[in-house]
Every structure is written in structure tokens, then in C-alpha cells.
Amino acid sequence: MSEEQNKPLNVLILAAGLGTRMRSNLAKVLHKLDGRPLINHVCRTAMALAPEKIYVVVGHQAEDVKTAVLNELDESIVEFVIQEKQLGTGDAVNAARNHLQAQDSTLLILSGDVPMIRAETLAKLVQQHRDHRGKGAAATMLTVSLNDPTGYGRIVRDDHGIFKQIVEQKDCNEDQLAVKEINAGLYCFEAIKLFNALSRVGNDNAQGEFYLTDVPAVLSSEGEPVSIYKHGSRREIEGINNRAQLASLEKHLRRRTIKKLMLDYGVTFIDPKNTYVSADAKIGRDTVIHPNVTIEGTSTIGDGCEIRPGSRVADSDLGNGVTVLDNCLITNASVGNRCNIGPSAHLRPNARMEDGSRVGNFVEMKNSTLGRGSKANHLTYLGDATVGENSNIGAGTITCNYDGVNKHKTEIGNNVRIGSDTMLIAPIKVGDGVVTGAGTVANKDIPDNKLAVGSPARFIKTLVKEEGERGREGEKE
Ligand code: UD1
Ligand code: MG
């Protein structure tokens, strides 16, 4: 292996800019694509290259950008570099000078606003950089030819096709504007040479900024080898500078995800154009997704499920054979096999439905478990509650979990029949086999097999349960 191949590889991600063209109060790299900030896409890709370190240049809304980065990357691999004033991409790289100028290393520079680039492409860029003429290049740029190069820096070559310079759109003359080959904002540099050349870059240009894009021309004028890696995919290098570009990439990503789910995973989409699925979601074979359904985050949906129109599933896991009827919202919840949900049900964080359970219209669950085969079919709130197996929660039942200061638990046993409009004032335990009458207000524990009625609840009977029976009247109290 040559010396070049053994050099450490570091990544530097530029993410300090304001993103003026977004016309936003939020830093550009924090705008979301496929539900994740742009910077997170770039960080994940950088990580796939197994570099020594990933340096992230932050400035505008630095703390929020750091938080986003640390959601994606382990603290041990990242080093943040502060660019106090946003004086251009050259200045942004210069902010990392003290970390990198002395180390004989290869530096891959990525833009926080170029989120679609694939690790495989970057690996080829690094390889070409290291292989260049058997000795390695000082700089290698990734370029693409575009029918409409508007907004990008142009790659200007001499009559022999040899690289001369990158000229930013705003600094282009008419001939240069006509150039189709553009700078993708992704480069490989020899760190020591980069920082030497950067010292000679000025800001005498249309934007009064220090351009990183001037560095390759400086290097080449000093006789250093500069190489170009020309790439075929237009999509991969698309930079996001405004919201129209963001929407266009979002649409593209969504199409790609849904196509893959249809062709490789056997998922049916009734109307692919009007369905939204995150690239991190997993959906099983023969599941049918209706129009206007949104599947967000790292949700997993099993085989043979049906999700009806207007429902949203976020960061939740659904088992096999689950039916979600129209207009349900399911967030951070877990649903077992063969469950039925909705229409218009709301599963909030830490709602857990065990196999074969059902939740019907206008039922809300939060931090609660509904046991195997149990049902809450109409107009119910289950908060901080556990319900055992084969129990039925009648229409209008409320677990009154909040006393105005603290939240309390409700525990409901197996084979329970809660009558319509029952209020269970937590903390409370409802034993196995209990039946409550309609309109019961229970404010203390109900022992096993009691029939409770009234407000406050009185236990008027003990119900004797026989094999195969749901519970029947026994001795009077
Ligand atoms: C840049 C390139 C252009 C290329 C295009 C590809 C320059 C001068 N131009 O233009 O040749 O075609 O990317 O997408 O580099 N940033 C900082 N600090 C700053 C300025 C920017 O960290 O002071 C960061 C931004 O947050 C962004 C990245 O650098 O992530 C690129 O900046 P941006 O302003 O988007 O450059 P472009 O105009 O797109
Ligand atoms: Mg840009």
C-alpha cells in the first residue's frame, strides 16, 4: 500500500452559514429533509467512511446545530469548530486551521447543505485523490454537468481541457455562465497544502467573501496536482439553498423510498404520490397503505397490515396483521399482532397494545398497556394505566390519572367489564373479573370479582366466575 493510502482521513463539514436564501429564522442546515435535519444526513454519510475525526464548523445557531449533530454522531468522533463571523466557505475552513494544518492527512470537505451524496461516491472521490498519477493530488473536486447550472460555481478549463479555476455564479462572465460543469462543494485536499494555499486567498469578489473555491486555482498555479472527479448523478450533488430545492429533494427522496418498498418489499401503495414514508421506516410484505398516510421516523410496520387514509404513524412499531382505520395518530407507540385501531384513535407515547387488542373511535392511550384480546372501543381515555387480558373497557370510560399536581396509575386486571361512562380515579386497582355499572365513579381499589356501582362506587355483589363464562352473579354482600 502506498504512503497516500495510509494517511489518516478526516472529514470537515461546513455548517456555519446563515442560509439567507431560505428566508428563515432557522439555520439552513437545521431544515428537515425526510424528517431529519440536513446536517444529520451529511453526518451519517461521513460516518460511513470511517474517518479518524469529523470536524463540524458551526457558527449561526451553533448550539442547535451541535445538538442536531450529536443526535447523529457519537461525541468521541466529532470535534466542533467555531466560525465566529460567516465570511465565506474559505473562512469556514480556516476556522479549523489549528486542528488540521500540521497533520499530514487527507481532508474530505463536505457541505452541510448537500445532503444526498452517497458514501460510495465519496469513497471513489477519496480513492481518485490518493491514486492521482500514482502520487496523489493536492486537491480533488467533485464535479457534475448540469443542463441548468444556475447558482453553482462553474468549473473553468483551458483549451486543452485542463482545470483553470472555479468561478462563482455571481463572478462569472457570459462565457463562464454558459459552462455546464459545476462544483458540487465536495472536495478532497491534502491538509497541509490546503492551509498553505488558503492563506493566499483574498475576498476580492462579488460577495466580498473568502471562497474555498479559490484554493484549487491557487494550488494549480503553484504547480500542485489538482484533479477532478466527474460524477454522473445530478441528484446526489444537489445543494439546498432555498425552499423550492428542499421541496424538490423531499419529493424525490419520498418517491425513491416508496418505489423501493413496492419493488423490493412487496408493499402496496394505493396512491404513491400522496403517501409519505420516511427512508428509515420498515414496512412488511402485503401491507396496504392508503392515500394520505404518513409514516415517520424509524417506524416498523409488519406483514399484512392495512393503514387507511389520513393516518400518521411516527416512531412506532406495529406487528403483523394490524388494521389502522381512518384518521388515527400513533406516536412512539407499540402495537402487537392482529390489533385493530380506529377510526380516529390516538396512541400517544408509550401506548402499548398487546396481540389481538382493539382500540376504537375517539379512544386515547398514553403510557398505558392494553392486554391481549382486550378492547376499548369507544370514547375512552387510558392514561398511565395497565389493562390485563380479555377485558372490556366500556364507552366513555376515563382513567382520571391527574389530580392537578401528580399523575397516578390505574391497574385493571383480567376479564374485567368496565361499564359505560365509568370514572376510575387513580391511584386505583381494579381486580380480575370485576364488573362496573354504567356511570360508576370508583375512588378506591375494587377487589377481584366484585360488581361495583354508583358514585362513589359501592361493591354490591361478588361475581363467581365459572369455566368458560364471563362472570355471573354470586352471593349478595
Ligand atoms: C458553494 C460553492 C459553489 C458550489 C456550491 C455547491 C463557495 C464559495 N461556493 O456555493 O461553488 O457550486 O456550494 O452546493 O464555496 N458556510 C459556512 N460559513 C460561511 C459560509 C458558508 O460554514 O461563512 C457553509 C454553509 O452553512 C453551507 C456551505 O458552507 O453548508 C456552503 O455554503 P453556501 O452559502 O450554501 O454556498 P453556495 O452558494 O451554495
Ligand atoms: Mg449551498
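Order of appearance sets the numbers: ligands from 1, and atoms from 1 within every ligand.
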Heavy-atom neighbours of Asn406 CG exceed 12 at 6.0 Å: yes
Protein contact to atom 10 (O) of ligand 1 [nearest heavy atom, distance to 0.1 Å]: Glu168 OE1, 4.0 Å
Donor-acceptor side-chain pairing of His41 and Glu72 below 3.5 angstrom: no
Exercise check, heavy-atom protein proximity under 4.0 Å to atom 1 (C) of ligand 1: no
Region of Glu209 engaging ligand 1 - heavy atom pairs below 4.0 Å: neither
Glu222 with Arg200: basic N within carboxylate O range, under 4.0 Å: yes
Would you list the atom pairs, donor with acceptor, under 3.5 Å between side chains in residues 148-155 and any protein atom, with sequence neighbours excluded?
from, atom 1, to, atom 2, distance (Å)
Asp148, OD1, Thr150, N, 3.1
Asp148, OD1, Thr150, OG1, 2.4
Tyr152, OH, Gly239, N, 3.1
Arg154, NE, Leu177, O, 3.4
Arg154, NE, Val179, O, 3.1
Arg154, NH1, Pro149, O, 3.3
Arg154, NH1, Tyr152, O, 2.7
Arg154, NH1, Gln169, OE1, 2.9
Arg154, NH2, Gln169, OE1, 3.3
Arg154, NH2, Leu177, O, 3.1

Would you list the atom pairs, donor with acceptor, under 3.5 Å between side chains in residues 50-64 and any protein atom, with sequence neighbours excluded?
from, atom 1, to, atom 2, distance (Å)
Lys53, NZ, Ser76, O, 3.0
Gln61, OE1, Ala27, N, 2.7
Gln61, NE2, Asn25, O, 2.6

Modelled atom types, side-chain donor and acceptor of His408 and Asp384, under 3.5 Å: no
Heavy-atom proximity to atom 4 (C) of ligand 1, best of Thr89, Asp214, Asn183: Asn183
Polar contact flag, side-chain donor to acceptor under 3.5 angstrom, Thr369-Glu354: no
Derivation of the side chain to side chain contact (heavy atoms under 4.5 Å, CB included) call for Leu246 and Leu38: CA-CA 10 Å; Leu246 181 62; Leu38 296 177; 4.2 Å; yes
Which donor-acceptor pairs under 3.5 Å do the side chains of residues 328-351 make with protein atoms, sequence neighbours left out?
from, atom 1, to, atom 2, distance (Å)
Asn337, OD1, Asn320, N, 2.8
Arg348, NH1, Glu364, OE2, 2.5
Asn350, ND2, Asn367, OD1, 2.6

Protein contact of atom 29 (O) of ligand 1 - nearest heavy atom, named by residue and atom, plus distance: Leu14 CB, 3.4 Å
Minimum non-hydrogen distance to atom 23 (O) of ligand 1, winning option of Ala92, Gly88, Ala16: Gly88
Proximal protein heteroatoms (N, O or S) of the Mg ion (ligand 2), under 2.8 Å: Asp113 OD2, Asn241 OD1
Any N or O of Lys85 closer than 3.5 Å to N or O of ligand 1: no
